[in-house]
There are 2 protein chains.
Amino acid sequence: MSEFDRCTGQGYNCTQGQRKSKSKRGELMNISNIIAQMITEMLEDNDYTDIKRNELALSLGCVPSQINYVITSRFTPEHGYIVESRRGGGGYIRIHRKVPFDGDEITQVIKSIGDTIEEMACRTHIKNLLIREAITANEADLLLNATSENCYRELPVKFRDTLRASILKQLLLTIKKVNLNEMED
Amino acid sequence: MSEFDRCTGQGYNCTQGQRKSKSKRGELMNISNIIAQMITEMLEDNDYTDIKRNELALSLGCVPSQINYVITSRFTPEHGYIVESRRGGGGYIRIHRKVPFDGDEITQVIKSIGDTIEEMACRTHIKNLLIREAITANEADLLLNATSENCYRELPVKFRDTLRASILKQLLLTIKKVNLNEMED
DNA sequence: TTAATATTGACCTTTCCTGACCTATGAGCG
DNA sequence: CGCTCATAGGTCAGGAAAGGTCAATATTAA
């Protein structure tokens, strides 16, 4: 079972205040899973959901930073989510509906990229996507430039492949989302 | 806190986006946003609009200086606005919608970006380019995501703004090139 | 036991809101 | 004309209201 699969279960089961009960599928219902499920449910019928970090933490009886933990560990681009936020009065965390991961080329590439990727491997992925017409020539051009070693000159070598992977995944997910939106029109 | 208290999350109330709402993101309506929206609406049909600071503040139930706050934080030249004002009897604040310059806007932005740029300044540039129709909504989306702090998490803080600047410039160049190619078709 | 996950709290940054005090303009008066 | 005062808008520092980061610890899974 992948890490991702763990937070897609049915309704959470936290009846009698037992700190760690198990749901039907046997997932440990710790607070992180409960938070993840709440968010997942909120996203069922909406393009995005805004959460108020402090309020949610209060209502769940956890510290606010745990919300961040859940988001950074389970609502990542690899999982198909795009997250934005604002601080200050009236701040929020906005989580966009999961971009469906249905086995298309873009998804496969995103999933296959680990935490790091070299420039060459990156180019290969992009060219493949172009050949298979999963992305347009313009999109390929953007991706190639955004992940080109050129951009990373200022950065110590050891960070380059990490950043490249991160940006590539984020951009691919955005392209996919944009494509889906256009198909709906 | 008792163990029991931990599982009381169901009642949590959040604001949610409309499914398939493409136009406006549901902005949180604090007073600053209301003021900003009022000004924006007043500018929809006019090149400029005059506001009376004290009157407006009174009618909105906020202190006059909050009007200044909104103007200096959201109606800056970077956002595409020019503001003038007069004090004394019959004073006013006049907000102009900036006349689009006819040169190449993308180039101007690239030039204005130094070696580093923060996420917020970056967003402002991108939104401004979008407003001026120098880039498309999809391109803006890509740019926003490629420069989102999310991508740079793994990097030591000191490199983030440098890399962001580098990537933003590179992407803008690519977009510009693509635009030129398309004009030739 | 060891590695991965989860939880917590101290401290930080951004955004919003407020009020005290400052500056400019114009009208009226001596 | 020059002074004064009422009527505007301007500035700034401080506090409040959010969310973010990080590293230490605790718990669970392998």
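None of these values were measured; they are calculated from a predicted model. In the text below, chain A, chain B and the rest are named by the order of the sequence lines, each starting its count at 1.
One atom, CD1 of I31(A), and another, P of dG9(C), lie 11 Å apart when rounded to the nearest Å. Taking atom CG of N33(A) as the reference point, atom C1' of dT7(C) lies 13 Å away to the nearest angstrom. Straight-line distance from the CD1 atom of I93(A) to the C1' atom of dG20(D): 9 Å, rounded to whole Å. Atom pair D161(B):CG and dT13(C):C1' shows a separation of 13 Å (rounding to whole Å applied). Atom CD1 in I34(B) sits roughly 12 Å away from atom P in dC16(C) (whole-Å rounding). Rounded to whole Å, the distance from CD1 on I95(B) to C1' on dG10(D) is 15 Å. In this structure, CD1 of I51(A) is placed 13 Å from C1' of dG20(D), rounded to the nearest angstrom. Taking atom CG of residue L155(B) and atom P of nucleotide dG20(D), one finds them 18 Å apart after rounding to whole Å.
Remark: R97(B) does not engage D47(B) in a salt bridge, criterion side-chain N to carboxylate O under 4.0 Å.
Annotation: cation-pi geometry not satisfied between R86(B) and Y92(B) (NZ/CZ under 6.0 angstrom from ring centroid, within 45° of ring axis).
Remark: Y81(B) pairs with F75(B) by the ring-ring contact (aromatic ring centres under 6.0 Å, His included) rule, at least two apart or across chains. Considering only residues two or more places apart in sequence or on other chains, Q66(B) meets the side chain to side chain donor-acceptor pair (under 3.5 Å) condition with S32(B).
Counting only residues at least two apart or in different chains, salt bridge (charged side-chain N to carboxylate O under 4.0 Å, His left out) contacts with residues 65-81 of chain B are absent.
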Under 3.5 Å, sequence neighbours excluded: what are the donor-acceptor pairs made by side chains of residues 116-128 of chain A?
unit_1: E119(A); atom_1: OE2; unit_2: E149(A); atom_2: N; d: 3.0
unit_1: T124(A); atom_1: OG1; unit_2: M120(A); atom_2: O; d: 2.9
unit_1: N128(A); atom_1: ND2; unit_2: T124(A); atom_2: O; d: 3.4

For this session: In sequence, state the C-alpha distance, the side-chain angles, and the governing distance for D141(A) and N138(A), and then conclude on side chain to side chain donor-acceptor pair (under 3.5 Å).
Result: CA-CA 5 Å; D141(A) 222 9; N138(A) 289 346; over 6 Å; no
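One distance of note links CD1 of I167(B) with CD1 of I167(A); it measures 3.0 Å at 0.5 Å rounding.
The side chain of R160(B) has dT21(D) as its nearest neighbour among dT21(D), dC17(C), dG19(D).
Regarding contacts with the backbone of dG20(D), a side-chain N or O of S85(A) is found under 4.0 angstrom from either OP1 or OP2. Proximity of R74(A) to the phosphate of dA6(C): a side-chain N or O atom is located under 4.0 Å from OP1 or OP2.
Residue-environment remark: CG (D115(A)) stays at or below the threshold of 12 foreign heavy atoms within 6.0 Å.
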Distances under 3.5 Å only, N/O to N/O: pair up the protein atoms with those of nucleotides 6-8 of chain D.
unit_1: dA8(D); atom_1: O4'; unit_2: G88(B); atom_2: O; d: 3.4
unit_1: dA8(D); atom_1: N3; unit_2: G88(B); atom_2: N; d: 3.2

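Within residues 57-69 of chain B, the residues approached by DNA chain D to less than 4.0 Å at the level of any non-hydrogen atom are S65(B), N68(B), in residue-number order.
Ranked by how close their nearest DNA chain D nucleotide is to the 5' end, E84(B) and R153(B) are led by E84(B).
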